[in-house]
Amino acid sequence: MFEEAQYFAPVAKRDDGSVTVELASSHPGFADAVYRERRNAIAALALNHRPGEPIPHAEYTDEEHQVWALVSRELAVKHQVYAIREFLDAAERLGLPKDRIPQLQEVSDLLEPLTGFRYLPAAGLVPLREFYGVLADGFFHSTQYIRHHSVPFYTPEPDIIHEVIGHANTLASSRFAELYRVAGRAARRVETEDALQFISKVFWFTLEFGVMREAGELKAYGAGILSSYGEIEEFRGMDIRPLDIKAMGTTEYDITKYQDVLFEASSFDQLEDVVGSFWASCDDESIARIVAGG
Ligand code: NLE
Ligand code: FE2
């Protein structure tokens with residue numbers, strides 16, 4: 001149905017209560033029995049979680065903590081070069097641990113006093129309407145597993161590194177948090193799947209993969225670039241296009257590789273003026289009009 005459906009591994013819950021995450025044969029963890037067992041156990045935590053209860057504690061292996069430590073170290077250096085100021089300042093305020101994977105409850109507790117955002121555990125794909133809709137209430141659905149240790153620099157599949165180093169650091173900025181909230185209100189306002197898909201693509205090309213001009217240099221603010229120390233080295237060489245709602249809402253993308261088409265905001269003000277205002281006011285009719293012509 002949606003592109004997003006393809007990059008999350010399907011999660012199956014059996015009648016006996018056991019949970020299986022179906023990794024594709026191309027997944028780097030496919031042949032790793034220990035990793036697959038961890039994925040199943042972590043998915044079960046989210047499936048058994050009830051709203052309002054604390055996020056279940058996930059046990060991670062030493063190897064998994066080492067993946068976090070490695071990626072954190074690599075990204076910290078690259079963020080200084082490639083991330084926008086707003087992100088760097090927000091990350092400083094959030095103060096994530098660098099040497100171990102934080103528990104999602106811990107991330108949520110660090111974030112809430114800053115911008116009101118709280119984390120919810122997700123076993124895999126959350127339906128788009130639910131994922132975006134609850135942003136309006138300050139909730140962020142997050143996976144809890146970590147990428148396979150054999151490919152630390154990039155994963156097409158959102159993992160806790162992406163959700164936390166990419167999104168939680170961003171959500172620690174009140175300017176960003178407000179953009180996420182208006183995206184959520186937009187998703188709730190529309191009724192058609194086409195309009196929801198359009199909103200989701202604008203989200204993809206901005207809050208997931210957006211780039212921004214800052215003091216003459218091209219920087220990243222999208223969580224998907226900021227969580228990959230492979231992709232973050234490449235975005236400046238991509239096809240960079242001016243920020244445009246219709247173009248973002250209708251351009252196709254391939255989630256399995258580095259994004260080769262990116263949209264550049266000339267400033268944070270422009271991002272708020274163009275994208276924030278779009279989400280704040282769009283509805284089914286206005287989106288249909290944009291797609292049809294103007
Ligand atoms: N490619 C990103 C990463 O490696 O962290 C994840 C993107 C999820 C949309
Ligand atoms: Fe994301």
Side-chain angles (χ1 to χ4, degrees), residues 2-9 24 26-29 64 67-79 82-83 87 91 96 101 104 107 111 117 119-128 130-135 139-173 176-177 179-181 183-184 187 199-211 220-235 238 248 251-263:
F2 296 113
E3 287 91 346
E4 280 78 358
Q6 299 160 8
Y7 62 104
F8 281 96
S26 57
H27 192 286
E64 287 176 317
V67 173
W68 177 278
L70 166 71
V71 176
S72 286
R73 196 165 57 237
E74 292 287 335
L75 284 176
V77 178
K78 297 190 196 297
H79 286 166
Y82 295 114
F87 175 88
L96 291 172
I101 308 171
L104 286 186
V107 174
L111 190 55
F117 261 86
Y119 266 46
L120 291 172
L125 177 71
V126 175
L128 288 197
E130 168 72 9
F131 176 85
Y132 291 115
V134 298
L135 293 175
F139 286 106
F140 188 84
H141 281 285
S142 171
T143 55
Q144 206 166 2
Y145 57 82
I146 194 160
R147 64 195 60 188
H148 193 256
H149 61 83
S150 62
V151 194
F153 59 90
Y154 173 81
T155 168
E157 181 187 46
D159 71 336
I160 191 166
I161 290 179
H162 168 69
E163 315 280 25
V164 173
I165 298 184
H167 287 291
N169 278 328
T170 312
L171 285 165
S173 143
F176 272 120
L179 283 171
Y180 280 76
R181 282 194 175 88
I199 289 166
S200 153
K201 282 185 159 185
V202 173
F203 189 96
W204 177 267
F205 284 114
T206 56
L207 296 173
E208 290 290 358
F209 285 95
V211 296
Y221 69 89
I225 301 178
L226 293 168
S227 63
S228 165
Y229 67 87
E231 189 158 5
I232 201 171
E233 286 284 358
E234 305 289 335
F235 73 88
M238 298 304 184
M248 292 190 289
T251 297
E252 298 298 326
Y253 56 85
D254 178 353
I255 53 105
T256 62
K257 52 187 191 59
Y258 292 173
Q259 297 303 298
D260 54 5
V261 173
L262 300 170
F263 291 89

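Every heavy atom of this structure was used, including side-chain atoms; hydrogens, water molecules and symmetry mates were not. In this chain, numbering begins with 1 at the start of the sequence shown. Whatever order the structure lists them in is the order used to number ligands and atoms, beginning at 1. Note that the structure is a prediction, hence the values are computed from the model and not measured.
With Tyr145 contributing its side chain and Pro158 its backbone, the two residues share a donor-acceptor pair below 3.5 Å. Side chain of Asp159 to main chain of Ile146: no donor-acceptor pair is present (N/O by atom type, distance under 3.5 Å, no hydrogens or angles).
Ring planes of Tyr180 and Phe203: perpendicular class, angle over 60° (limits at 30 and 60°).
A ring-ring contact (aromatic ring centres under 6.0 Å, His included) with His167 is found for exactly one of Tyr221, Phe176, Phe140, namely Phe140.
Using a 3.5 Å distance cut-off with no hydrogens or angles, the side chains of Tyr82 and Glu233 do pair a donor with an acceptor.
For the Fe ion (ligand 2), protein N/O/S neighbours under 2.8 Å (waters excluded) are His162 NE2, His167 NE2, Glu208 OE1, Glu208 OE2.
Rounding to the nearest 0.5 Å places CG of Leu262 at 8.5 Å from CZ of Phe209.
Listed by chain and residue number, Val11, Ala43, Ala46, Leu47 satisfy the side chain to side chain contact (heavy atoms under 4.5 Å, CB included) test with Ala123 (two or more places apart in sequence, or in another chain). For Tyr154, the side chain to side chain contact (heavy atoms under 4.5 Å, CB included) test picks out Pro156, Ser228, Glu231, Tyr258, with sequence neighbours left out.
Scanning both residues, Ser142 and Leu104, for their nearest heavy atoms gives OG-CD2, 3.6 Å.
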Would you mind listing each N/O atom of ligand 1 next to any protein N/O under 3.5 Å, plus the distance?
unit_1, atom_1, unit_2, atom_2, d
ligand 1, 1 (N), Thr155, O, 2.8
ligand 1, 4 (O), Arg147, NH1, 3.4
ligand 1, 4 (O), Thr155, N, 2.9
ligand 1, 4 (O), Thr155, O, 3.2
ligand 1, 5 (O), Arg147, NH2, 2.8
ligand 1, 5 (O), Ser227, O, 3.0
ligand 1, 5 (O), Ser227, OG, 2.5

